[in-house]
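Source: prediction; values computed, not measured.
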Amino acid sequence: MNGKVVVLTTGGTIAMRADPDLGVVPAVSGPELIAAVPPLDGVCPVEVREFANIPSPHMTPRIMYDLARMAEKVLAEPEVRGVVITHGTDTMEETAYLLDLFIAGDKPVCLVGAMRSAAEISPDGPKNILCAVRCAASPQAVGMGLLVVMNEEIHAAREVTKSHTANPKTFISPFWGPLGYVDEDRVIFRRSRLGRQNIRPTAIVEDVYLVTLAAGVDDFLINCLVDKGVKGIVIEGSGRGNVHESAMPGIRRAVEAGIAVVLTSRCFGGRVLDVYGYAGSARRQREIGVILGGEISGQKARIKLILALGVTSDREQLAGYFDQP
Ligand code: ASP
């Protein structure tokens, strides 16, 4: 494979330094980030383009969507073999999933960040960037969808999640595990990326909320969202997708108001499924028009619904995007 890897920078801890008065804040430019990784010279030509310099909690679906379209333009350049996107780790999984769903084509795209800023002892950013560029430049990563490369591990956008607030080994793919590993001498994949979906709206619908229904939580928050007139609600229930029965009147009201309601689980693995028949179960919710969200997390179901509502508001068509085999 020939060609260059383009690094798009968006910010995050990887581009931050400690300020004695403010704490850790954005401070490092794109070229500075790359200059801190001399071994990149031995991988392939690398070009840096700055997209933003924001902490990832400031990311919005609109910014992610703009980033997806910019990345796609870069990938269309014939001399580009892959793209690396530097990003804060907090919402990296959501950006990765939006890009995974939106971007068509097989060229590798790897998201990367750091848990320790440049000012800390043993920052992880430089090594992570090196691994991400090596992965994006590798033929093995072609056709693998959006990848998150952190701590030498390669994860699929659909499966990965941030699991620890501070530890460098924070990214895990619960239940399924990583796709591969970036070793000193080679990029290794031990399984392939199956079941990739493509959702390509010409505009997105951002008015979609995520509500976690913990033990005994009723429909108060859902009713607030119905009163606000939102376009979509993702519910995070327990286990197979079950909620307390006192949440059901609000859920019914939301569906009857024409709001797209998608059910997910707070479990880290497995699908929501309509196995139970008691009040508040996934089955009772499906019967009144709730869409079963499959095996993705609540935050990723929200991203998918934001894209899917840009294509259709039809409930059956929306349901077709979720829980695919
Ligand atoms: N709060 C930071 C962010 O997501 C954390 C990080 O980058 O690791 O931007």
Side-chain angles (χ1 to χ4, degrees), residues 6 8-11 49-77 80 83 85 87-88 90-107 109 111 145-146 157-158 195-211 222 224-236 254-264 289-294 296-324:
V6 172
L8 296 177
T9 59
T10 74
R49 301 188 197 172
E50 295 189 35
F51 173 83
N53 195 354
I54 56 173
S56 77
H58 294 187
M59 271 282 166
T60 64
R62 169 123 347 253
I63 301 174
M64 295 173 194
Y65 183 64
D66 290 344
L67 176 64
R69 287 185 300 172
M70 179 175 174
E72 203 169 51
K73 279 201 190 111
V74 174
L75 290 163
E77 296 171 23
V80 173
V83 163
I85 299 173
H87 196 288
D90 287 5
T91 63
M92 184 185 286
E93 63 200 79
E94 283 149 275
T95 298
Y97 193 50
L98 188 142
L99 268 60
D100 190 49
L101 291 170
F102 185 81
I103 293 176
D106 279 346
K107 286 185 186 175
V109 183
L111 263 77
L146 256 287
R158 185 183 53 189
R196 187 170 177 197
Q197 283 179 270
N198 214 219
I199 310 178
R200 296 184 57 80
T202 50
I204 58 170
V205 175
E206 284 190 279
D207 202 10
V208 176
Y209 285 77
L210 171 61
V211 181
I222 292 170
C224 293
L225 293 173
V226 177
D227 294 341
K228 186 174 185 283
V230 303
K231 296 287 186 294
I233 300 173
V234 174
I235 293 172
E236 201 174 73
V255 173
E256 285 173 358
I259 298 169
V261 182
V262 174
L263 178 65
T264 64
V290 172
I291 295 166
L292 301 190
I296 51 176
S297 64
Q299 61 268 30
K300 287 188 189 162
R302 175 173 169 265
I303 292 294
K304 185 183 264 189
L305 189 54
I306 283 168
L307 285 179
L309 280 169
V311 177
T312 180
S313 54
D314 179 79
R315 209 197 69 82
E316 289 308 314
Q317 281 178 29
L318 286 173
Y321 286 117
F322 290 89
D323 197 25
Q324 291 200 333

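- Formation of a donor-acceptor pair under 3.5 Å by the D90 side chain with backbone atoms of P57 is not found in this model.
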Practice item. Kindly indicate, with the supporting measurements, whether the criterion side-chain contact (heavy atoms from CB on, under 4.5 Å) is fulfilled by L98 and I204. Key: CA-CA 11 Å; L98 188 142; I204 58 170; 5.6 Å; no
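- Looking at L225 and I259, their side chains never come closer than 4.5 Å, going by heavy atoms from C-beta outward.
- Here the closest non-hydrogen pair linking L307 and L101 is CD1-CB, 3.6 Å.
- Of all the heavy atoms in H87 and T91, the pair that sits closest is CE1-OG1, 3.5 Å.
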Practice item. Please report the C-alpha distance between M59 and E94 in whole Å, then the side-chain angles of each, then the deciding distance to 0.1 Å, and finally whether the side-chain contact (heavy atoms from CB on, under 4.5 Å) criterion is met. Key: CA-CA 9 Å; M59 271 282 166; E94 283 149 275; over 6 Å; no
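- Heavy-atom minimum distance, T60 versus E206: CB-OE2, 4.0 Å.
- If you take CE on M64 and OG1 on T95, they are separated by 3.5 Å, rounding to the nearest 0.5 Å.
- In this structure, I291 CD1 and R315 CZ are separated by 5.5 Å, a value rounded to the nearest 0.5 Å.
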Exercise for review: Please step through side-chain contact (heavy atoms from CB on, under 4.5 Å) for the pair L305 and Y321, ending with a clear verdict.
Suggested key: CA-CA 9 Å; L305 189 54; Y321 286 117; over 6 Å; no
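- Separation of atoms CE (M92) and CG (L146) is listed at 11.0 Å; rounding is to 0.5 Å.
- At least one donor-acceptor pair closer than 3.5 Å links the side chain of K300 to the backbone N or O of A157.
- Separating the CE atom in M70 from the CD1 atom in I63 is a distance of 13.5 Å, to the nearest 0.5 Å.
- Contact record, E236 with L210: CB-CD1, 4.3 Å, taken as the closest heavy-atom pair.
- Side-chain atoms of I222 and I235, non-hydrogen and from C-beta on, do get closer than 4.5 Å to each other.
- We find the OH-CD1 distance between Y65 and I303 to be 13.0 Å, quoted to the nearest 0.5 Å.
- Contact record, F102 with R200: O-NH1, 2.6 Å, taken as the closest heavy-atom pair.
- The structure places CD of Q197 at 3.5 Å from CD of Q324, a figure rounded to the nearest 0.5 Å.
- No donor-acceptor pair under 3.5 Å is formed between the side chain of T264 and the backbone N or O of S297.
- Listed by chain and number, the residues in a side-chain hydrogen bond (donor to acceptor under 3.5 Å, both in side chains) with N53 amount to none (sequence neighbours excluded).
- In terms of modelled atom types and a separation under 3.5 Å, the side chain of R158 and the main chain of I296 share no donor-acceptor contact.
- The two residues K107 and V80 come nearest to each other via the heavy atoms NZ-O, 2.8 Å.
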